[in-house]
Peer 1: 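This is the structure I want to talk about, given as structure tokens.
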Amino acid sequence: MPADAAIDALLEGLNPPQRDAVVHGEGPLLILAGAGSGKTRVLTHRIAYLLRTGQAKPSEILAITFTNKAASEMRERVELLVGRATRAMWVMTFHAACARMLRADAHRLGYTRQFTIYDSADQRRLIKKCLDDLDVDVKRFTPRAMQSQISDAKNKLRSPEDYRQLVGSFFEQTVADVYDLYERELHRSNAMDFDDLLVRSVNLLEMFQEVRDRYSAAFRWIMVDEYQDTNHVQYRWLQLLTGDHRNLAVVGDDAQSIYGFRGADIKNILNFEDDYPDAHVVKLEQNYRSTQTILDAANAVISNNRGQMTKHLWTDVGEGDPVRVREMADEHAESRFVTAEVNRLVDEGVSRAEIAIFYRTNAQSRVLEDMLVRAGVGYQIIGGTKFYERAEIKDAVNYLTFLVNPQDGTAFTRIANSPRRGLGQTSMSRVLAHAASMGMTVWDAAIDDIPGLATAARKSLERFMSTMTRLKERVEGGAPVAQLLQELLEETGYKEALEAERTIEAQGRLENLEELVRVTQEYDANNPEGNIGEFLQQIALLADADTIRDDEGLVTLMTLHNAKGLEFPIVFIIGMEDGTFPHSRSIEEGNIDEERRLAYVGLTRAMRDLTLTYARRRGAFGGSMGGPTIRSRFLDEIPRDLTDQRQRLSAGFPAPGRVASWAGAAQASAEVAGDTDGSVFRIGEDVVHSKLGEGVVTGLEPGGIVVVRFAGDGSERKLMADYAPLKRR
DNA sequence: CGAAATTGGGTTTTT
DNA sequence: CCCAATTTCG
């Protein structure tokens with residue numbers, strides 16, 4: 001028992017099960033942590049406790065999370081408890097930990113430590129090339145389908161040979177061929193895709209006893225967050241590392257398993273006690289985040305799933321307000337309603353940073369964004385088109401990649417003719433073919449005498465490669481990343497080409513590149529011993545969730561998937577319709593349970609205020625498609641008395657056995673009609689119309705119509721708020 | 001050989 | 001609507 005006062009302090013303020021998990025010593029530990037039950041607190045205190053009691057040394061701690069953001073948050077919170085000792089611990093994502101192991105030992109598997117990490121776009125491009133090389137019809141077998149099959153195989157630790165054994169159709173036969181070639185091409189390029197990071201690490205640990213001994217001895221204490229989202233490779237990786245000491249503590253919630261499509265296997269957590277019969281099991285069921293009403297709603301929804309670990313969240317913060325459910329005419333009315341609500345809340349003194357809006361698919365954000373921009377509401381959006389996926393950023397990154405990884409043909413193909421240098425498809429294929437046939441790196445092939453290359457292309461390639469060679473010398477001289485990037489953008493003519501365009505778009509691209517330079521400067525400052533290869537590997541592993549800012553002035557928009565692990569005082573979930581959420585694909589595949597868990601995740605993000613909206617009609621593909629919708633089955637799984645919706649709006653009559661108040665009915669019909677009070681604009685507000693100039697709002701009418709008196713000619717006009725080019729001033 | 005124009009195809013979720 | 005791939009034109 002702890003005698004030390006510092007140790008007592010670590011346990012203070014923890015509830016009994018939390019304390020139980022923190023003080024558990026050697027041996028397997030399963031922490032079933034319901035949403036908002038303080039699991040990060042438990043993990044950080046457990047680490048601190050192990051250190052303080054002298055059971056563990058900092059360098060023996062390996063703490064795994066799913067996002068870098070979660071990792072840095074954990075690191076910061078541990079640091080508050082134990083200080084500098086944190087630096088010796090590995091607190092990072094699965095992928096980052098694997099990349100780090102591989103940098104040290106990849107040579108054993110025939111890679112250099114400068115191996116490139118391919119994101120899924122790179123991966124798809126290479127798969128496409130393999131399909132072409134094998135003369136496969138990409139109309140029949142799309143690269144996307146191949147990619148998901150290959151990724152799936154890798155997550156199950158199936159090699160191309162393993163896969164070939166199981167082939168049962170022509171499709172799978174094709175996949176086997178592509179998979180086989182793809183793997184060889186990847187290796188020849190000295191590159192790994194995301195899945196490879198895990199797979200190759202497992203290979204390393206399985207094939208080299210001394211490597212395995214080294215790591216399993218080093219990491220005597222292993223902790224894993226979000227264990228319900230681990231897949232088979234990750235499971236195997238953990239097995240290999242914990243085999244000797246069995247000090248594995250996992251935290252998770254089977255009700256929040258939402259990554260099945262990515263190979264996550266919920267059985268990993270469900271069967272933990274079979275894997276470790278002596279496992280100590282702790283359940284955290286007290287929720288410190290939400291009101292009882294929100295929890296009851298979430299519990300009710302998730303109870304429709306079978307075969308879960310029983311758990312019942314409760315709180316002592318009180319009942320709170322009912323869940324608000326709103327029917328809107330279409331997605332425009334929905335956006336208008338949410339935007340107006342945000343404004344109303346802000347007027348009441350709520351900070352925008354306290355508000356989040358969730359949706360099922362990224363495409364749903366567009367209409368909402370339009371409306372928020374129009375209303376002048378600041379927002380940040382997580383996901384969608386990501387910074388590192390922008391063409392100019394990928395180009396710059398691929399320049400750096402080719403400088404450190406001369407084998408990377410994908411990087412070469414991307415940059416050789418960007419900016420235009422007169423090196424087309426044909427010339428590039430010549431270079432790649434030459435490299436392949438001579439067994440040399442792409443770089444060496446590009447500076448070699450290539451037979452059959454046109455004179456113009458030859459000249460151009462020579463010029464390009466001499467610039468690259470000059471840059472490479474500076475890389476080898478240990479130039480800082482930022483300096484190299486800047487020189488590269490100048491000397492390759494990339495910047496010049498963009499400047500010559502003189503378009504607003506090009507201007508934006510230049511600004512993005514400046515942003516990238518800032519990122520490299522920051523990297524240089526934080527990593528005096530760093531190098532390009534490490535920088536590239538680091539940015540390759542960034543996730544969307546890592547870009548969330550704590551900005552007072554911004555409402556946060558994101559998919560439900562990205563919302564996991566976060567909390568907000570006020571939450572809106574839009575698009576609560578069957579087909580959107582649950583998604584039609586999931587309905588077809590009979591995969592409703594995972595969608596329901598996603599709903600559970602979404603609902604439990606809200607601390608005090610939760611609003612769910614659905615639209616009677618929803619357009620798709622820019623308005624050409626889409627029709628009447630059916631409200632989400634998940635809405636109907638929430639007991640009516642937890643919501644403020646007193647009758648079924650779609651029926652148009654009060655529900656049997658329940659008396660609807662007049663006010664409720666009036667309010668309901670107003671919403672159905674297009675909600676008069678939900679307008680983005682308000683009477684008396686100054687607005688600007690792109691054609692008619694400045695004016696003031698003099699009236700609001702049902703159907704989203706605003707009446708505006710314009711200053712220019714004094715005329716008063718009725719405008720459709722959704723379609724008129726009208727903005728708040 | 002490269003750039004512009006056209007057409008056709010597709011939307012789940014992502015480390 | 002937005003992209004990528006193909007066709008067409010210079």
Side-chain angles (χ1 to χ4, degrees), chain A residues 64-71 92-99 117-121 123-125 128 132 138-139 142-145 147-148 151 154-155 192-198 225-226 229-231 233-234 257-264 358-367 370 382-386 389 391 417-430 453-457 460 540-546 558-565 575 579-589 591 594-595 597-599 601-602 619-626:
Chain A
I64 296 293
T65 62
F66 268 80
T67 64
N68 293 290
K69 182 168 196 284
M92 53 185 82
T93 63
F94 270 111
H95 295 266
C98 288
I117 298 173
Y118 280 3
D119 67 15
S120 48
Q123 190 184 11
R124 194 147 58 237
R125 187 173 299 126
K128 169 73 168 44
D132 290 342
V138 290
K139 289 257 156 58
T142 64
R144 190 178 281 275
Q147 185 180 26
S148 93
S151 177
K154 289 191 178 191
N155 287 155
M192 299 194 202
D193 59 28
F194 281 138
D195 303 317
D196 271 349
L197 293 172
L198 271 306
D225 194 11
E226 308 280 12
D229 287 325
T230 52
N231 61 30
V233 210
Q234 291 163 336
S257 167
I258 56 174
Y259 285 110
F261 67 91
R262 197 166 84 188
F358 305 148
Y359 34 80
R360 178 63 177 83
T361 64
N362 282 305
Q364 287 171 263
S365 72
R366 190 156 284 131
V367 179
D370 279 353
I382 310 305
T385 344
K386 293 153 232 166
E389 281 176 15
N417 199 36
S418 176
R420 314 261 115 91
R421 303 188 172 89
L423 288 170
Q425 195 62 57
T426 331
S427 308
M428 286 195 259
S429 302
R430 285 257 154 73
L453 204 62
T455 326
S460 182
L541 298 176
L542 286 178
D544 292 332
D546 300 331
M558 65 179 100
T559 61
L560 286 151
H561 281 86
N562 268 317
K564 197 173 62 147
T580 298
F581 186 36
H583 194 271
S584 51
R585 285 280 283 269
S586 303
I587 298 173
E588 285 161 25
E589 289 164 14
N591 203 8
E594 182 152 313
E595 294 285 300
R597 292 193 290 267
L598 191 57
V601 167
F621 295 119
S624 58
M625 283 186 214

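Just so we're on the same page: letters track the sequence lines, and every chain starts at 1. Note that the structure is predicted; figures quoted are calculated from it, not measured. No hydrogens, no waters, no symmetry mates; every other heavy atom, side chains included, goes into these values.
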Peer 1: State whether K128(A) and D132(A) are salt-bridged, where the test is any N-O pair (Lys NZ or Arg NE/NH1/NH2 against Asp/Glu carboxylate O) under 4.0 Å.
Peer 2: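 Looking at D132(A) together with K128(A), the answer is yes, because their closest N to O distance falls below 4.0 Å.
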Peer 1: Once you apply a heavy-atom cut-off of 4.0 Å, does F66(A) come out as touching a base, just sugar-phosphate, or nothing?
Peer 2: sugar-phosphate
Peer 1: With heavy atoms under 4.0 Å as the rule, sort Q364(A) into base, sugar-phosphate or nothing.
Peer 2: nothing
Peer 1: Could you check whether F261(A) and the base of dT13(B) form a stacked pair, meaning centres closer than 5.5 Å and planes differing by less than 30°?
Peer 2: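 Yes; by the centre-distance and plane-angle rule, F261(A) counts as stacking on dT13(B).
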Peer 1: Given dT15(B), dA5(C), dC1(B), identify the nucleotide with an atom nearest to the side chain of K128(A).
Peer 2: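 Output: dA5(C).
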Peer 1: CD of E589(A) versus C1' of dT11(B): gap in Å, rounded?
Peer 2: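 Nearest whole value for this atom pair: 14 Å.
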Peer 1: Could you tell me whether F581(A) contacts a base, only the sugar-phosphate backbone, or nothing, with contacts defined as non-hydrogen atoms closer than 4.0 Å?
Peer 2: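 It contacts nothing in the nucleic acid.
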Peer 1: What contact category does T426(A) fall into here, base, sugar-phosphate, or nothing, at under 4.0 angstrom with non-hydrogen atoms?
Peer 2: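 Counting heavy atoms under 4.0 Å across all strands, the contact made by T426(A) is with sugar-phosphate only.
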Peer 1: When all nucleic acid strands are considered with a 4.0 Å heavy-atom cut-off, which category describes L423(A): base, sugar-phosphate, or nothing?
Peer 2: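 Sugar-phosphate contact only - L423(A) comes under 4.0 Å of backbone atoms but never of a base.
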Peer 1: Of the listed nucleotides (dT15(B), dT11(B), dT13(B)), which one gets closest to any side-chain atom of N362(A)?
Peer 2: dT13(B)
Peer 1: Of the nucleotides dT13(B), dC1(B), dG2(B), which has the atom closest to the S427(A) side chain?
Peer 2: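 So the side chain of S427(A) is nearest to dC1(B).
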Peer 1: Counting side-chain heavy atoms from C-beta on, which of dT15(B), dC2(C), dT13(B) comes nearest to R366(A)?
Peer 2: dC2(C)
Peer 1: So that I can tick it off, tell me whether D193(A) and K154(A) are bridged by a salt bridge, with the cut-off set at under 4.0 angstrom between side-chain N and carboxylate O.
Peer 2: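 Yes, this pair counts.
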Peer 1: To the side chain of H95(A), which of dT13(B), dT15(B), dC1(B) is closest?
Peer 2: dT15(B)
Peer 1: Apply ring-ring contact (aromatic ring centres under 6.0 Å, His included) to F261(A) and H561(A), showing your working.
Peer 2: CA-CA 12 Å; F261(A) 67 91; H561(A) 281 86; 5.6 Å; yes
Peer 1: Output the single nucleotide from dA5(C), dT11(B), dT14(B) whose closest atom is nearest the side chain of R585(A).
Peer 2: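 Nearest nucleotide to the side chain: dT11(B).
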Peer 1: Could you check whether R125(A) gets within reach of a base, just the sugar-phosphate, or nothing at all, counting any heavy atom under 4.0 Å?
Peer 2: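 The residue R125(A) makes no contact with any strand.
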Peer 1: Compute whether any side-chain donor of one residue and acceptor of the other, for Q123(A) and S120(A), lie under 3.5 angstrom apart.
Peer 2: no
